Structure formats: structure tokens, C-alpha cells
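Some notes on the structure that comes next.
Because the structure is a prediction, the values reported are computed rather than measured. Along the sequence shown, residues carry numbers from 1.
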Amino acid sequence: MIKALIFDLDGVIVDTAHYHFVAWQRLARELGIDFTEKDNERLKGVSRMRSLEIILEIGNRQMSESEKERLATRKNAWFVEYIQNVKPDEIFPGVKEMIQTCKAAGFRVALASSSKNARTVLRNLKVEDLFEGFVDGNMITHSKPNPEIFLKAAAQLGVEPQHCVVFEDAEAGVEAALAAGMKCVGVGSPENVGKANQIVKNTADFKLADLAGW
Ligand code: BG6
Ligand code: MG
């Protein structure tokens with residue numbers, strides 16, 4: 001029986017995944033690395049440093065730790081600049097209402113994002129109060145696909161993992177949810193979230209009735 005819903009942020013609540021892509025592509029161009037939107041799928045859900053390492057792998061480049069730190073900081077500065085302009089109407093259509101409906105039906109709700117900028121995004125969307133639990137990239141040691149982030153969110157809510165369902169748009173996130181012993185609703189295409197228990201095109205397409213029998 002499901003008692004709690006745990007939401008990823010980038011790509012599930014709002015299209016900040018696109019801002020991550022634009023900032024990484026800007027950095028990749030500076031480095032002379034060809035980095036496509038398809039490559040970007042591998043970056044979804046993983047930490048900032050792991051994202052940079054994947055780009056360097058794609059470009060077959062090696063760098064010192066201090067140089068990697070400098071580049072990751074540079075990318076983040078651009079990303080932070082982009083998300084300053086995030087407005088409440090950028091939340092995906094129907095998502096706020098869907099979460100409110102679930103809460104009214106007695107489900108506990110948490111946000112679990114690998115991003116260290118998650119708080120800023122929630123604040124700019126004006127939905128900070130929507131979530132009873134909150135775990136971001138500053139609060140974990142292992143990024144998705146490690147289950148740590150979802151286990152922390154479940155612990156905050158006081159709900160056992162098997163009673164939680166995670167909403168994820170990233171392959172690494174789906175893997176993390178399943179590794180946590182949770183159910184997973186994949187948001188997007190079967191190509192990226194095919195391992196999820198259920199797939200929806202958009203987050204708000206999910207209906208509480210879908211949980212019957214889980
Ligand atoms: C995740 C994104 O939510 O956060 C990743 O899906 C991103 O693409 C990660 O790399 C880390 O974000 P940040 O804001 O801490 O650099
Ligand atoms: Mg995501």
C-alpha cells in the first residue's frame with residue numbers, strides 16, 4: 001500500500017533539466033567537445049561532478065581535480081543565472097494541483113533532488129510549502145543511482161520504503177528508486193525510464209487511481 005509520494009525536481013516538476021543542458025553545452029563548446037541532447041540523458045539525476053566527468057569521457061579528455069572543480073563551478077554559475085528567472089508559471093501544467101489532490105487524500109509528499117540548487121528553484125516556483133520532506137544534493141553523500149536520497153526522504157516522512165512511490169525522469173533516478181525498494185513512476189519516454197513500474201508522458205497524467213493494487 002502506497003502512503004507517500006517522492007518527487008524528483010528537474011524534469012518532473014519543472015523543465016530546469018533544459019537549463020542544465022544549456023549550461024553544460026556552453027561549457028562543452030568552450031572545451032571543444034561535441035555534446036548532444038541525447039548525451040545529456042546520461043547526466044540527468046547524477047551529481048554536478050559526475051555530470052562533468054561524463055562530458056569529459058565523451059570528449060576523451062582528462063583533467064586534474066582542481067581544473068574539474070573550476071569547470072563545475074563555472075557551469076553552476078551559468079545555471080544559477082538561468083534559474084534566477086524561473087517563474088511560478090513554469091511549473092509543469094497540473095503538477096501543483098495533482099500534488100495538492102494527493103495530499104488532500106492523505107498521502108505524504110517529499111521532494112528529492114540531486115541538485116544543490118533545488119531550494120532556489122522551489123522558492124522561485126513558490127511551491128516550497130507543498131513538500132513536507134526535502135532532500136537535496138547538499139544533504140547526500142552518494143548521488144542517484146544510489147538509493148540514499150530516496151531513503152532519506154522516506155525517513156523524513158516516517159514512511160517505510162515499500163510504501164513509497166517515486167516520480168523520476170532520469171534512468172539513474174529510476175534505478176535509485178527501485179534500489180531503495182520503492183515503486184517508481186517514470187516521466188517521459190520508455191527509452192529513458194523503461195524500468196519504472198508505470199510510465200507517464202507528463203507528471204500530471206498520473207492519477208491516484210493508478211495506485212490501486214500497488
Ligand atoms: C539533478 C539533475 O537534479 O541535479 C542533474 O538532473 C544535475 O542533471 C544535478 O547535474 C546536480 O545539480 P546541481 O544544481 O547541484 O549542479
Ligand atoms: Mg530529473
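Residues meeting the side-chain hydrogen bond (donor to acceptor under 3.5 Å, both in side chains) test with E90, sequence neighbours left out: Y19.
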Only pairs under 3.5 Å count here: list side-chain donor-acceptor contacts from residues 149-162, not counting sequence neighbours, and write none if there are none.
{"residue": "K152", "atom": "NZ", "partner": "M139", "partner atom": "O", "Å": "2.8"}
{"residue": "Q156", "atom": "OE1", "partner": "F134", "partner atom": "N", "Å": "2.7"}
{"residue": "Q156", "atom": "NE2", "partner": "F134", "partner atom": "O", "Å": "3.0"}

Distance-only criterion, 3.5 Å: show the donor-acceptor pairs between side-chain atoms of residues 96-105 and protein atoms not counting sequence neighbours.
{"residue": "T101", "atom": "OG1", "partner": "E97", "partner atom": "O", "Å": "2.8"}
{"residue": "K103", "atom": "NZ", "partner": "L130", "partner atom": "O", "Å": "2.8"}

Which pairs of donor and acceptor atoms, one on a side chain in residues 20-29, lie under 3.5 Å apart (sequence neighbours left out)?
{"residue": "H20", "atom": "ND1", "partner": "K75", "partner atom": "NZ", "Å": "2.9"}
{"residue": "H20", "atom": "NE2", "partner": "D10", "partner atom": "OD2", "Å": "3.0"}
{"residue": "Q25", "atom": "NE2", "partner": "F35", "partner atom": "O", "Å": "3.2"}
{"residue": "R26", "atom": "NH1", "partner": "Y82", "partner atom": "OH", "Å": "3.1"}

Query raised in the report: What's the verdict on side chain to side chain contact (heavy atoms under 4.5 Å, CB included) for V14 and V95, showing C-alpha distance, side-chain angles and the deciding distance?
Result: CA-CA 9 Å; V14 60; V95 168; over 6 Å; no
Requested in this report: Could you go through the side chain to side chain contact (heavy atoms under 4.5 Å, CB included) check for R42 and I58 one step at a time?
Outcome: CA-CA 11 Å; R42 291 178 60 198; I58 291 168; 3.9 Å; yes
Requested in this report: Evaluate the side chain to side chain donor-acceptor pair (under 3.5 Å) criterion for residues S64 and S66: first the C-alpha distance (whole Å), next the side-chain angles of each, then the deciding distance (0.1 Å), finally the verdict.
Outcome: CA-CA 5 Å; S64 66; S66 61; 3.3 Å; yes
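F7 and V193 fall into different hydrophobic clusters, where Ile, Leu, Val, Met, Phe, Trp and Tyr residues are linked whenever their side-chain heavy atoms come under 4.5 Å apart, directly or through other members. Under a hydrophobic clustering in which Ile, Leu, Val, Met, Phe, Trp and Tyr are joined whenever their side-chain heavy atoms come within less than 4.5 Å, directly or via other members, V46 and M49 fall into the same cluster. Under a hydrophobic clustering in which Ile, Leu, Val, Met, Phe, Trp and Tyr are joined whenever their side-chain heavy atoms come within less than 4.5 Å, directly or via other members, V187 and V174 fall into different clusters.
Dense packing is recorded around CG of N138, with more than 12 heavy atoms of other residues, nucleotides or ligands lying under 6.0 Å away. Within a 6.0 Å sphere centred on CD of E191, other residues, nucleotides and ligands contribute 12 heavy atoms or fewer.
Interatomic distance, CD1 of I2 versus CG of D210, reported as 11.5 Å (0.5 Å rounding). One distance of note links NZ of K68 with CG of L71; it measures 10.0 Å at 0.5 Å rounding. Put simply, CG on L111 and CG on D8 are 7.5 Å apart, with the number rounded to the nearest 0.5 Å. Here the CZ atom belonging to R74 is positioned 12.5 Å from the CG atom belonging to N76, to the nearest 0.5 angstrom. With rounding to the nearest 0.5 angstrom, the OG atom of S51 is 11.5 Å from the NZ atom of K44. Going from atom CG of L5 over to atom NZ of K183 covers 14.0 Å, rounded to the nearest 0.5 Å.
Residue pairs meeting the ring pair (Phe, Tyr, Trp, His ring centres under 6.0 Å) criterion with at least one partner in residues 91-132, sequence neighbours excluded, are absent. Within the structure, ring pair (Phe, Tyr, Trp, His ring centres under 6.0 Å) contacts touching residues 182-214 (residues at least two apart or in different chains) are F167-F206.
Closest heavy-atom contact between K126 and P88: CG-CG, 3.8 Å. What you find for I199 and G188 is that their closest heavy atoms are CG2-O, 3.4 Å. When every heavy atom of N146 is checked against every heavy atom of A176, the shortest pair comes out as O-CB, 3.5 Å. Taking every heavy atom of both residues into account, K144 and A172 meet most closely at CB-O, 3.8 Å. A pairwise comparison of heavy atoms in P93 and A204 identifies O-CB, 3.3 Å as the closest pair. S47 and R50 get closest at one heavy-atom pair: OG-N, 3.1 Å.
With hydrogens and angles ignored, the 3.5 Å screen pairs no side-chain donor or acceptor of E171 with any backbone N or O of E41. The backbone N or O of V109 lies less than 3.5 Å from a partner atom in the side chain of E132, making a donor-acceptor pair. D39 places a side-chain N or O within 3.5 Å of a backbone atom of T36 that can act as its donor or acceptor partner. N124 places a side-chain N or O within donor-acceptor distance of the main-chain N or O of I83, the cut-off being under 3.5 Å. One N or O on the side chain of S114 and one on the backbone of G45 form a donor-acceptor pair closer than 3.5 Å.
Ion pairing between a basic and an acidic side chain is recognised when a charged N comes within 4.0 Å of a carboxylate O; R61 and E67 show no such pairing.
Annotation: side chain of V86 is in contact with side chain of L125 (closest heavy-atom distance under 4.5 Å). Annotation: side chain of L178 is in contact with side chain of N197 (closest heavy-atom distance under 4.5 Å). Taking the side chain as every heavy atom from C-beta outward, L9 and D136 never approach each other to under 4.5 Å. Residues L31 and L56 are in side-chain contact: their nearest non-hydrogen atoms beyond the backbone lie under 4.5 Å apart.
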